[in-house]
Amino acid sequence: MNSSRDPVDALLRAVTDAATEMAGGEGLRPALDPSPRPEMGDYSTNAAMMLAGPLGRPPREIAAELASAIETGLGDSISKTEIAGPGFINLFLSDAWYRSAVASMAVSGTAEVSPVPEPEKILVEFVSANPTGPLTAASGRHAAYGDSLSRLLRRTGNEITTEYYVNDGGTQVDNFAASIAARMKGEEPPEDGYRGTYVNELAERAQREGLDPDDTGNLAAIGVSWMVEGIRASLVNFGVEMDDFFSERSLYEDNLVDRGIERLRTAGHVFEEDGAVWLRTTDFGDDKDRVLIRSSGEVTYFGADVAYHVDKIERGSERLIDVLGADHHGYVARMAAAIQSLEGDKAEFEAQIMQLIHLVEGGQRTKMSKRAGDIVTLDELSGDIGVDAARWFLLQRSHDRSIDLDLDLARSESSENPVYYVQYAHARIKSILRKAEAESGDRAGDMLTAATDPSEKALISKLLEFPAEVHEAAAKRAPHRICAYASDVAAAFHAFYRDCLVVGAEGDGVEAARIELCGVAAETISSSLALLGISAPDRM
RNA sequence: GCCCCCGUAGCUCAGCUGGAUAGAGCGCCGGCCUUCUAAGCCGGAUGUCGCAGGUUCGAAUCCUGCCGGGGGUGCCA
């Protein structure tokens with residue numbers, strides 16, 4: 001998983017080799033984790049406990065043997081090992097190991113994350129909010145998540161396409177057009193229409209451009225295109241560049257609906273009943289069969305969406321990730337069934353369900369209904385607290401859990417926002433590096449033998465976790481882990497800053513070594529923030 | 001009824017493919033700027049990890065049941 005240049009990976013390999021040797025060729029995967037406390041060394045492994053069962057010997061006895069094998073294997077890198085607790089082996093690494101670890105990060109770049117063993121072509125569909133109103137703060141959570149997830153998957157070597165499915169057909173769009181038409185005529189929108197002020201603005205624009213309020217088909221098409229324009233602009237402002245906006249209507253125009261349904265039919269799970277065309281999704285775990293084409297001849301939303309997904313596969317995607325709202329979770333089983341039912345080209349289908357976000361304002365949850373027009377838009381949220389802070393707030397919690405975002409708090413405490421904590425660390429480092437450059441004195445000495453301070457070591461080991469963190473965040477579809485990681489790096493840096501002078505540091509090669517470390521730290525923070533779509537300012 | 005998410009410090013939440021003394025931020029109390037950015041650092045207080053069983057050397061983490069909160073469950077989109 002990690003490149004051979006990854007210093008932690010080299011340690012793990014030494015441990016694994018020693019354990020494999022003892023086990024007699026078994027494919028063991030022992031864990032090597034940073035020790036929870038300094039007195040427990042730098043890294044700990046549970047390898048001996050994993051061998052206890054197979055070998056039928058006490059773990060601590062195995063640990064003693066294993067530890068000396070590991071020491072031999074690692075040579076100068078290790079200063080000592082200890083057996084602790086039920087059979088953990090704690091590794092205490094030498095200063096030289098730390099220095100060469102930094103050097104290796106500086107050379108390969110912490111930014112270097114090795115690709116996953118089997119990279120995939122993945123299509124990530126997210127937001128896909130109805131184009132009948134501006135994006136809400138809730139859509140912002142989808143946008144931040146989908147975008148950051150895409151960046152993570154791309155960073156781990158996959159080929160990613162991002163897409164927004166535009167529902168520009170169907171009854172909601174009809175309601176939308178009717179609402180604009182009503183405003184143009186100075187009337188109230190229909191019962192189930194849209195009442196936001198943006199509808200009035202669209203109506204005014206339609207008046208100016210001389211659109212006919214009675215030609216609702218045209219009004220719908222143009223109104224939606226204006227809305228999509230606005231949505232695209234909101235997303236770009238929010239740092240999200242979609243590769244494509246895929247129009248639902250184009251499915252019909254390009255005959256993809258018929259083609260998609262034909263593919264399902266070929267696979268043999270389509271049947272007719274009560275004048276409607278159904279897909280037997282119950283063959284694949286759904287709890288009831290689903291209608292593709294109503295008895296009226298109209299294609300259902302599901303029917304069109306299946307055709308869209310078939311098209312995604314035909315365009316070469318090997319994995320489809322749909323980021324969906326909690327209100328769509330009931331939809332997952334049928335889409336998964338539809339994709340499973342296909343013959344020939346298939347893809348893995350995966351739905352990531354976003355839980356709700358409640359915006360709390362004045363101690364009360366705001367109602368978020370697009371039709372009532374009572375919404376906090378993404379633009380308003382970004383404007384209030386800034387794009388960086390908004391993205392951080394929306395990403396820092398696991399996506400599958402509902403969150404309360406207190407707007408008053410986000411506004412009033414914006415200067416204490418955790419994102420500034422991380423950005424500040426970056427700016428501080430850049431400031432040091434500027435000073436180092438300005439005062440380029442004699443920094444001779446052997447960096448690899450320069451002694452290390454405890455908080456310096458702590459920073460280095462935190463930086464070394466970057467590739468593993470990125471892989472884990474990507475594999476678990478969990479960008480929020482990167483928020484936590486970035487905060488940890490910032491905290492480790494702030495502590496290092498307190499304890500260790502960089503420019504002007506005493507000792508043979510110490511100054512040069514610390515400058516190199518600062519460079520790696522800055523790059524790690526900016527790489528982490530980049531995965532979140534958040535800027536890393538040089539000055540604050 | 002069935003399905004999904006959640007229940008961890010005063011608050012908001014990490015941790016959940018089992019590991020050592022359960023963490024962070026905010027809030028609270030007390031310290032630290034003649035050195036590279038005090039948007040920072042250091043110290044202090046705070047927990048029946050919803051409840052009850054089970055699995056095992058070991059459970060916040062896995063299994064079962066229950067309680068509580070939220071969401072979903074259309075020939076809607």
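Because the structure is a prediction, the values reported are computed rather than measured. So you know, we letter chains A, B, ... as the sequences are listed, proteins then strands, and number each from 1.
Distance from the side chain of A:Lys476 is smallest to B:C16 among B:C13, B:C42, B:C16. Checking B:G74, B:A14, B:C36 against the side-chain heavy atoms of A:Arg397 singles out B:A14 as nearest. When distances are taken from the side chain of A:Ser398 to each of B:U35, B:A14, B:A77, the shortest belongs to B:A14.
Within the structure, every side-chain polar atom (N or O) of A:Tyr424 is placed at least 4.0 Å from both OP1 and OP2 of B:C41. Not one side-chain nitrogen or oxygen of A:Arg334 sits closer than 4.0 Å to the OP1 or OP2 atom of B:G72. In this structure, A:Tyr331 does not reach the B:A77 phosphate: none of its side-chain N or O atoms is under 4.0 Å from OP1 or OP2. Between A:Arg294 and B:C76, a side-chain N or O to OP1/OP2 separation shorter than 4.0 Å is present. At B:G7, one or more side-chain N or O atoms of A:Arg401 fall inside 4.0 Å of OP1 or OP2 (strictly under the cut-off). The phosphate of B:G15 has OP1 or OP2 within less than 4.0 Å of a side-chain N or O from A:His480. At least one side-chain nitrogen or oxygen of A:Lys288 sits closer than 4.0 Å to the OP1 or OP2 atom of B:C75.
A salt bridge links A:Lys312 to A:Glu125: at least one charged side-chain nitrogen sits closer than 4.0 Å to a carboxylate oxygen. Using a cutoff of 4.0 Å between basic side-chain nitrogens and carboxylate oxygens, A:Arg514 and A:Glu516 are not scored as salt-bridged. A salt bridge does not link A:Asp192 with A:Arg195: none of the charged nitrogens is closer than 4.0 Å to a carboxylate oxygen.
Among the heavy atoms of the strands, none lies under 4.0 Å from A:Asp499. Counting any heavy atom pair closer than 4.0 Å across all strands shown, A:Leu501 reaches a base atom.
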Please list, pair by pair, any protein nitrogen or oxygen found under 3.5 Å from a nitrogen or oxygen in nucleotides 20-22 of chain B.
from	atom 1	to	atom 2	distance (Å)
B:A20	O2'	A:Arg37	NH2	3.4
B:A20	N6	A:Ser44	OG	2.7
B:A20	N6	A:Asn90	OD1	3.0
B:A20	N1	A:Asn90	OD1	3.3
B:A20	N1	A:Asn90	ND2	3.4

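For A:Phe493 and A:Phe496, the ring centers sit closer than 6.0 Å to each other. You'll find the ring centres of A:His494 and A:Tyr421 inside the 6.0 Å limit.
Under the 3.5 Å distance criterion, with hydrogens and angles disregarded, a donor-acceptor pair is assigned to the side chains of A:Tyr331 and A:Asp305. With hydrogens and angles left out, the side-chain atoms of A:Gln355 and A:His399 include no donor and acceptor closer than 3.5 Å.
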- Message: Could you write out RNA chain B as dot-bracket? Rules: Watson-Crick or G-U wobble, both distances under 3.5 Å, brackets [ ] for crossings, | for pairs with another strand, dot for unpaired.
- Response: (((((((..((((.....[...)))).(((((.......))))).....(((((..]....))))))))))))....
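For A:Met49 and B:C57, the CE to P distance is 14 Å, given to the nearest whole Å. One can place CG of A:Asp192 at 13 Å from P of B:A77, the figure rounded to the nearest angstrom. We find that CZ of A:Arg498 is positioned 15 Å from C1' of B:C33, with the value rounded to whole Å. A straight line from CG of A:Asn46 to C1' of B:C57 spans 14 Å, rounded to a whole angstrom.
To the nearest 0.5 Å, the span separating OG1 on A:Thr132 from CD on A:Gln172 amounts to 6.5 Å.
Residue-to-nucleotide contacts include no donor-acceptor pair under 3.5 Å from the side chain of A:His329 to the base of B:C5.
Using bins of under 30°, 30° to 60° and over 60° for the plane-to-plane angle, the ring pair A:Tyr165/A:Phe246 lands in the tilted bin.
Where A:Leu433 and A:Asp287 meet RNA chain B, the nucleotide closest to each residue was compared, and A:Asp287 sits on the side nearer the 5' end.
In B:C62 the base sits anti relative to the sugar, since the glycosidic angle is further than 90° from 0.
Cation-pi check for A:Arg428 over A:Tyr497 is met; the charged atom lies under 6.0 angstrom from the ring centroid and within 45 degrees of its normal.
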